[in-house]
Amino acid sequence: MNGSYRYKHNPIVRNIFLAMLAPTILMNLTTAIGSMADTVIIGHYLDDLSLSVVTFATPIFMVINTVAALFAVGGCIAMSIDSGKGAKETANHAFSLSIELLAAVGIIFLLAGIFASGTITHWLGAGEDVFESTRQYSQIILCGAPVFTLNIGLAFFVRNDGRPTLSMVGMFSSIVVDIILNFVFVGHMGMGIPGAAYSTVLGQLVSILIICTHFFSGKNTLKFHITFDKTVWRIVQNGASSALHFVYQFLTILIINHLLSRLAGTNGVVIYTVVFNLSTVSLSVFEGISQTIQPMVSNYYGEKSFRNIRETLRLAVVSAIIICGAVTLALELFPEIVPALFGIEDAVLICDSAAAVRIFATSMIIMTINVVIGYYLQSTERNFMAAVLISLRCFVLFLGATLVLGMCFGMNGVWAAYTVAEVLAFLIILIMVRVKQKALSRKDSAVNFLLLDCATEQAISGYTYDCCENNFAEYVAAVANHLSNDETLGEALCKDTVSYLSKLADCCVAQKGKFVEVEINSREGKVIIRDNLNHTVIAEGLRSAVQYGSTADYGPVLGWNRMCIG
């Protein structure tokens, strides 16, 4: 067997990961930065009371994001796993049901905005001086909720369908449009707070229009149809951990604000605002690393391509260490930059804020690794363990550590609680995984530490061809030799695989960044062929390539061409 076709680290997994990483991080980052820019513009053109209106309305955005995350992430995981299995009908079923749920919830918010905006404003706690402004702002946001929920859902699904850059462009465009319209509506037309709300909704609408162009492209595999059944429970289970994050964030803000007021008064709350905004922006980057693996892990889990799952997680952890390590180093060396960004000028506040930033920065690497673990557990539908992890690190352990360390060490103890909670959560989840691993091994065949079937992983062989080479015929011969020597695989499977590969020969000219991968799963009795070649010129030939009796499933997955022969 020619070893040149075997890679220690799969270049195709690396290419897919890198193609998704930057757009996913930027998509999250632009959303976090956009909300801050929105507040800055309102504060510039309007008075301080107007800023309080946005603050009062923040829970509305949090509720909308919570529900959107529940159905969007949950549906994406179900869709990606089913797509990996080659079950296109059930994959589109999960997509359709998620969009229906997002639209239905958006309509409920819309009706609440029309008929109960006054009551909701009372619940938000707005005083008489800002009541009407808060009611107007909240009403417009609630009436635009269907746009918010659908934009988040479509961005996630289109990203999972192999178009992360398009999703990023849509989300980025929404921020740009929002900022421009804020200048127009608030700054030049004098529309006040309603103008700020309208600009936010219209920005989201522009994003939807951009993202929806995917459905008219040849790379689209998403097909919508009206449906409703018990799959909704699977979607809710899959998305529960993502939704819990927003719920816990809201609860911890309320509790910590009261604690810091007792420990350090108004200055403590100001410093927490700096740390909280830093954590929000930082987490948008860290979440980007973790969200990158979700469609990959879910697809590979459906395919039972367990070696590719391991490689995906390796890339995520390495990226987390490099990116978070660089950010941590910068914050440790230059912590004063962060309070300066928020316009803090008081020397004491700058010093205390810089100390808080330094302490918080120590949590970043372990925090990101925990987020990666959480998304991995979600992506493989181990929802209970994912929910336990998010509950521990974002609520139970974090609040416990904050209260204990805050009472013992004051403000510095509060900032150290981030690191303590993350480390304890990491250790607890490792223990839970080890217990689960032993339980599964006793119950069934042995599983590895990732809770994947060891026998299936060992039965997988992967052969990758780099199109910069000029020996494709030798590569096909090597694959054919492996198939013919494997007694568990039938003759038809070998012939159909070779026939399909021969159709790709004309596309495999010397091209940088083009690959063909043949993954042979002896235990499952199937072959998966992935490539990023241009199939347009040979599409008709591909349809007739599998002709010796094997079943075949062909189509784009994660932005690459995939043929599954079994």
Side-chain angles (χ1 to χ4, degrees), residues 23-24 26-42 53-54 57-73 75-76 98-114 117 136-160 163-186 191 193-215 224 242-243 246 280 284 287-288 291:
T24 305
L26 289 173
M27 187 170 73
N28 284 4
L29 195 58
T30 51
T31 302
I33 294 175
S35 61
M36 292 174 60
D38 212 28
T39 305
V40 169
I41 294 171
I42 292 172
V53 169
V54 178
T58 297
I60 294 177
F61 288 104
M62 298 187 76
V63 172
I64 291 174
N65 288 333
T66 300
V67 176
L70 178 67
F71 296 132
V73 175
C76 281
S98 295
I99 295 300
E100 288 175 11
L101 292 169
L102 289 167
V105 170
I107 291 171
I108 292 173
F109 283 125
L110 183 151
L111 294 174
I114 294 174
S117 60
Q136 290 177 348
Y137 185 85
S138 301
Q139 184 176 51
I140 296 168
I141 295 301
L142 286 167
C143 289
V147 178
F148 285 94
T149 56
L150 288 175
N151 184 44
I152 294 172
L154 290 172
F156 272 77
F157 279 106
V158 169
R159 184 202 67 185
N160 280 32
R163 301 291 298 280
T165 302
L166 181 62
S167 291
M168 182 268 292
V169 169
M171 298 297 280
F172 180 75
S173 298
S174 72
I175 302 303
V176 173
V177 170
D178 183 16
I179 292 173
I180 292 173
L181 291 181
N182 260 308
F183 281 117
V184 175
F185 293 164
V186 180
M191 294 175 63
I193 281 295
Y198 284 126
S199 67
T200 302
V201 175
L202 290 174
Q204 298 284 311
L205 183 59
V206 169
S207 177
I208 287 180
L209 295 176
I210 292 173
I211 293 172
C212 280
T213 60
H214 172 69
F215 297 102
F224 179 81
S242 295
F246 289 100
T280 300
S284 68
E287 287 270 348
Q291 288 177 8

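Closest of all the heavy-atom pairs between Asn182 and Ala196 is OD1-CA, 3.3 Å. In terms of heavy-atom proximity, Ser199 sits nearest to Leu181 at CB-CB, 3.4 Å.
Taken from OG1 in Thr149 to CG in Leu110, the straight-line distance is 10.0 Å, to the nearest 0.5 Å. Taking CG of Leu142 as the reference point, atom CZ of Phe61 lies at 9.0 Å (rounded to 0.5 Å). Residue Tyr198 holds its OH atom at 14.5 Å from CG of Asp178, rounded to the nearest 0.5 Å. Taken to the nearest 0.5 Å, the CG atom of Leu70 stands 11.0 Å off from the CZ atom of Phe246. To the nearest 0.5 angstrom, Leu202 atom CG is 10.0 Å from Ile140 atom CD1. Here CD1 of Ile208 is found 9.5 Å from CD1 of Ile152. Values are rounded to the nearest 0.5 Å.
Checked against side-chain contact (heavy atoms from CB on, under 4.5 Å), Ala155 has the following partners two or more places apart in sequence or in another chain: Met27, Ser167, Met171, Ile211. Every residue was checked against the ring pair (Phe, Tyr, Trp, His ring centres under 6.0 Å) condition with Phe156, not counting sequence neighbours, and none meets it.
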Under 3.5 Å, side-chain donor or acceptor atoms of residues 98-108 against the rest of the protein: list the pairs with distances, not counting sequence neighbours.
from, atom 1, to, atom 2, distance (Å)
Ser98, OG, Phe71, O, 3.4
Ser98, OG, Ala94, O, 2.9
Glu100, OE2, Thr227, N, 2.7

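Shown here is Phe185, whose CZ atom has more than 12 heavy atoms of other residues, nucleotides or ligands within 6.0 Å. The 12-atom threshold is exceeded at CZ of Phe109, counting heavy atoms of other residues, nucleotides or ligands nearer than 6.0 Å.
Looking at Asn151, its side chain never comes within 3.5 Å of a backbone N or O of Val147 through a donor-acceptor pair.
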